[in-house]
Enquirer: 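Once you've had a glance at the structure underneath, I'll fire off some questions.
Chain naming here is simple, since letters A, B, ... match the order of the sequence lines and numbering starts at 1 in each.
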2 protein chains.
Amino acid sequence: MLDRIGSGEWPPLHRIPSEHKLMATFGVSRMTVHTALSELARDGVLTRVKGLGTFVAPPRSHMTIVRVSDPAEDIRQRGAQYACDVVVAMKRRGSAAELASFNLPDGSALFHLVAVHRENGAPVALEDRLVNPAAAPDFLEQDFTSTTAFAFLMALSPYPEGRHVIRAVEATERLRTLLALQPGEPCLEIERTTWTPDRVVTVVRLFHPAMRFELVGAIEPR
Amino acid sequence: MLDRIGSGEWPPLHRIPSEHKLMATFGVSRMTVHTALSELARDGVLTRVKGLGTFVAPPRSHMTIVRVSDPAEDIRQRGAQYACDVVVAMKRRGSAAELASFNLPDGSALFHLVAVHRENGAPVALEDRLVNPAAAPDFLEQDFTSTTAFAFLMALSPYPEGRHVIRAVEATERLRTLLALQPGEPCLEIERTTWTPDRVVTVVRLFHPAMRFELVGAIEPR
DNA sequence: AAGTGGTCTAGACCACTCA
DNA sequence: GAGTGGTCTAGACCACTTC
């Protein structure tokens, strides 16, 4: 069936034969046809409507899937040496804007971590993280040079939902110093908010030196 | 089953009961159990190994899915006015590096398009695109102010595969001018290579002003 | 050899769409 | 009312893993 779509024999929006007809065409049972069609529909190649039929999906817009994981893991996987400097690790009162993103009342406290991740000594990421104390009460007792905040929080809330924003930012004086940036070198910023059904767990901003970092992803169906 | 995983009754890496046991537990047929488990495996919640068993997937690294579509569509969808200036549209001999990314022999010709996309008059993207003439012989005859190159190529090769690289870049003099950048403002660059089973179709680099553009995505299973 | 998941069959009932 | 896809059943054979 993929061949027929790829060859243009079944163009976008074309209605393909019904399950019963495909049974006869391919000489298999209806469950087999159905499973195959359902998988293609799940992959975004087909669109199925009960009572109506199965259609070749319209040309999809590109989706890129970017994996964002633990900086420490990434670095070690590349066979490089990982190190981490903790710049700030404290409990403090959140600003109004910060608390709004956690849906917490005014005056609540947040944990604040700032850390620099290094690959073979060179800084590759500045992590600026806020954590909801309710989600990880003993967050500050961790030794972040051995376990990253990412790994610690993932162990507590293994299946979070969340949202990313990726943008380019001009380097501030602080970023220039902490990330050892070249003059004029900007940063790639990834802001990530993660939550469980109960609460917002953490809001983290990762700043990466433009010249030493890029996000790679595949274009995928869907 | 999702409840049991979410509640921690089945922690990450836990081996869950076999299909036969789940048949009995839930009082359904094996096909039903199998379909449910396969779907969860496809969603990245479970890992299945033939002959071994079914396991709760380890905490997943975050995957962000970023939709990258036609700049014109995005802008119109926001209710803004779209316009496009074509800066360069020509056929020329490709450099060695360019031809290498197309897997074309030395000396081959490529189409080269440079265009500025505007939202309500303000430039939001500089498109620098190379196109394989074999994939779109009449590319240069298009009126890119009415149909974007993206839309045109998607119509010719509706189901491409591809690869993205996202990075932050310092603005060059040319970018500063064409995108009307603020002094010191960097760009977010999205480089996208798309191919069909036959050939590399196009390599495009989109430069976005840092202050007027960000990529938003959801953290998803898988 | 026993247990696992992968795949398939031939039939069934249902909810839905459209004429 | 005819045709569509959604879901389920009870059984089967296979390839693979582990003991």
Enquirer: In whole angstrom, what separates B:L22's CG from D:dT9's C1'?
Expert: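 Rounded to whole Å, this separation is 17 Å.
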
Enquirer: Can you find a side chain N or O atom of B:R48 that sits less than 4.0 Å from OP1 or OP2 on C:dT4?
Expert: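 So the side-chain polar atoms of B:R48 never come under 4.0 Å of the phosphate oxygens OP1 or OP2 of C:dT4.
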
Enquirer: Round to the nearest Å and state the distance from B:F26 atom CZ to D:dT9 atom P.
Expert: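 My rounded result for the distance is 13 Å.
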
Enquirer: Got a donor-acceptor contact below 3.5 angstrom from the B:R199 side chain to the B:F102 backbone?
Expert: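 Side chain of B:R199 to backbone of B:F102: no pair is present.
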
Enquirer: Judged by atom type as modelled, is there a donor-acceptor pair below 3.5 Å linking the side chain of B:D43 to the main-chain atoms of B:V45?
Expert: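 Between the backbone of B:V45 and the side chain of B:D43 there is no qualifying donor-acceptor contact (under 3.5 Å).
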
Enquirer: Between C:dT4 atom P and B:L46 atom CG, what is the distance in whole Å?
Expert: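 In whole Å, C:dT4 P and B:L46 CG are 16 Å from each other.
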
Enquirer: For DNA chain C, what residues of residues 30-39 of chain B have any heavy atom nearer than 4.0 Å?
Expert: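 Close to the strand are B:R30, B:M31, B:H34.
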
Enquirer: Quick check against the 3.5 Å criterion: does B:R192 have a side-chain atom that pairs as donor or acceptor with the backbone of B:T202?
Expert: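 Between the backbone of B:T202 and the side chain of B:R192 there is no qualifying donor-acceptor contact (under 3.5 Å).
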
Enquirer: Give the rounded distance in Å between these two atoms: CD of A:E19 and C1' of C:dA10.
Expert: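 Nearest whole value for this atom pair: 15 Å.
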
Enquirer: Taking NE2 from A:H20 and P from C:dA12, how many angstroms apart are they, rounded to a whole number?
Expert: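 These atoms are roughly 11 Å apart.
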
Enquirer: With distance as the sole test, does B:H208 use its side chain to make a donor-acceptor pair with the main-chain N or O of B:V124 at under 3.5 Å?
Expert: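 Side chain of B:H208 to backbone of B:V124: a pair is present.
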
Enquirer: Please give, in whole Å, the distance from D:dT17 P to B:F55 CZ?
Expert: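 After rounding, the gap between these two atoms is 12 Å.
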
Enquirer: For D:dT7 and A:K50 - does any side-chain N or O of the residue sit under 4.0 Å from the phosphate oxygens OP1/OP2?
Expert: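 Checking A:K50 against D:dT7: no side-chain N or O falls below 4.0 Å of OP1 or OP2.
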
Enquirer: Between B:F111 and B:F139, how do the two ring planes meet: parallel, tilted or perpendicular, split at 30° and 60°?
Expert: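 B:F111 vs B:F139 ring planes: parallel.
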
Enquirer: Does C:dG3 have its OP1 or OP2 closer than 4.0 Å to a side-chain nitrogen or oxygen of B:S18?
Expert: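 The answer is no; no side-chain N or O of B:S18 sits under 4.0 Å from OP1 or OP2.
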
Enquirer: Between B:M1 and B:L37, is there a side-chain heavy-atom distance shorter than 4.5 Å?
Expert: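 When only atoms from C-beta onward are counted, B:M1 and B:L37 do touch, with a gap below 4.5 Å.
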
Enquirer: The side chain of B:L52 lies closest to which of these nucleotides: D:dT18, C:dT4, D:dT4?
Expert: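 From the listed options, D:dT18 comes nearest.
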
Enquirer: Would you check if the side chain of B:N120 reaches a backbone N or O of B:A80 as a donor-acceptor pair within less than 3.5 Å?
Expert: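 No, B:N120 side chain to B:A80 backbone: no donor-acceptor pair under 3.5 Å.
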
Enquirer: Any side-chain N or O of B:T54 under 4.0 Å from OP1/OP2 of C:dT4?
Expert: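 So the side chain of B:T54 is outside the cut-off, no N or O lying under 4.0 Å from OP1 or OP2 of C:dT4.
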
